[in-house]
Amino acid sequence: MRTDVRHIADGTYLVHGSNTNWVILTEGDAVTLIDTGYPGDRAALLASLAEVGSAPEAVQAILITHAHTDHLGNAEYLRATYGTPVYLHEAEVPHARREFLHQVGVGTVLRNGWRPGVLPWAVHALRSGGTAHVPVTSPEPFPRSGPLDLPGRPVPVHTPGHTDGHSAYHLPQAGVVISGDALATGHPTSRIEGPQLLPEMFDRERARALASLDVFERLDGDVLLPGHGPAHTGSVRDAALQARERAQ
């Protein structure tokens with residue numbers, strides 16, 4: 001199975017799954033996996049590891065931007081099958097355990113069904129396992145602050161609003177920011193192309209999501225890898241400013 005794997009920088013790959021992206025960071029034979037797609041993306045996820053010359057056994061850790069099902073979908077499978085640790089911000093750990101679920105509900109989707117792209121997106125989400133119950137049995141908070149001792153040396157950056165514990169990941173040496181859903185470049189329910197916030201119905205707290213753009217403005221990088229949409233080349237600060245302007 002061939003997947004849409006984009007080589008971004010040395011050891012850094014953006015993978016376009018079914019409406020959701022994940023990132024693979026390689027260092028020798030070892031791998032860091034950032035997000036895991038929908039449950040229905042499992043074959044594509046495993047194929048993407050093979051395409052970069054790796055395997056699920058080589059994944060040192062799974063880093064999750066946030067615990068929505070389209071990003072968390074295969075984390076427990078990898079943890080249970082290969083013993084791979086799953087790390088998130090401490091505020092997102094109970095979300096990953098499914099002690100609660102802060103995710104757009106069916107009622108909200110139906111009320112927004114008149115908007116372009118919403119119903120086709122919802123059908124795709126259902127077919128991909130978007131309403132599946134996918135708790136991680138033993139998610140863990142980040143083991144340290146600052147750069148993690150993992151391939152790519154990613155630095156978690158708390159960017160709440162989309163969810164309470166949403167985290168981006170900064171790769172300072174590569175000039176790359178992995179933004180999850182806190183800063184996107186496209187979405188099936190959006191008619192905007194380029195840096196943007198996701199439609200408001202997807203955010204837990206819109207005001208905090210807007211405030212987190214301040215965080216992105218302070219990150220040094222010239223490549224943005226979002227959870228939805230294509231890679232964006234150019235100042236991450238300028239991308240955040242553009243998203244803010246479009247949200248107003």
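All residue numbers refer to positions in the sequence shown, counting from 1. Quick caveat: nothing in here was measured; it's all calculated off a predicted structure.
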Report task. Quick one: list whatever passes side chain to side chain donor-acceptor pair (under 3.5 Å) with Arg244, sequence neighbours left out. Result -> Asp214, Glu217
**Report entry** Distance in Å, Ile178 CD1 paired with Trp22 CH2, rounded so as to fall on 0.5 Å steps
**Finding:** 14.5 Å
Report summary line: When rounded to the nearest 0.5 Å, the distance separating CD of Glu205 from OG of Ser212 is 10.0 Å
How about [X] and [Y]: do any of their side-chain heavy atoms sit closer than 4.5 Å?
{"X": "Asn21", "Y": "Pro226", "value": "yes"}
{"X": "Ile24", "Y": "Val15", "value": "yes"}
{"X": "Arg218", "Y": "Val157", "value": "no"}
{"X": "Thr36", "Y": "Leu33", "value": "yes"}
{"X": "Arg153", "Y": "Leu148", "value": "no"}

Query raised in the report: Run the side chain to side chain donor-acceptor pair (under 3.5 Å) check on His71 and Asp35 step by step: do they pass?
Result: CA-CA 5 Å; His71 297 259; Asp35 286 344; 2.9 Å; yes
Query - Gln60-Thr32 side chain donor-acceptor pair, cut-off 3.5 Å - result: no
Query - Residues Asp181 and His66: side-chain donor-acceptor under 3.5 angstrom - result: yes
Query - Residues Asp164 and Arg208 bridged, charged N to O under 4.0 Å - result: yes
Please list every donor-acceptor pair under 3.5 Å in which a side-chain atom of residues 75-83 meets a protein atom from a residue at least two apart or in another chain.
unit_1	atom_1	unit_2	atom_2	d
Glu76	OE1	Arg79	NE	2.8
Glu76	OE1	Thr137	N	2.9
Glu76	OE2	Arg79	NE	3.4
Glu76	OE2	Arg79	NH2	2.8
Glu76	OE2	Thr137	OG1	2.8
Thr81	OG1	Tyr77	O	2.7

Query raised in the report: Do Thr233 and Asp222 pass the side-chain contact (heavy atoms from CB on, under 4.5 Å) test, and can you show the C-alpha distance, the side-chain angles, and the key distance before you say yes or no?
Result: CA-CA 6 Å; Thr233 301; Asp222 53 17; 5.8 Å; no
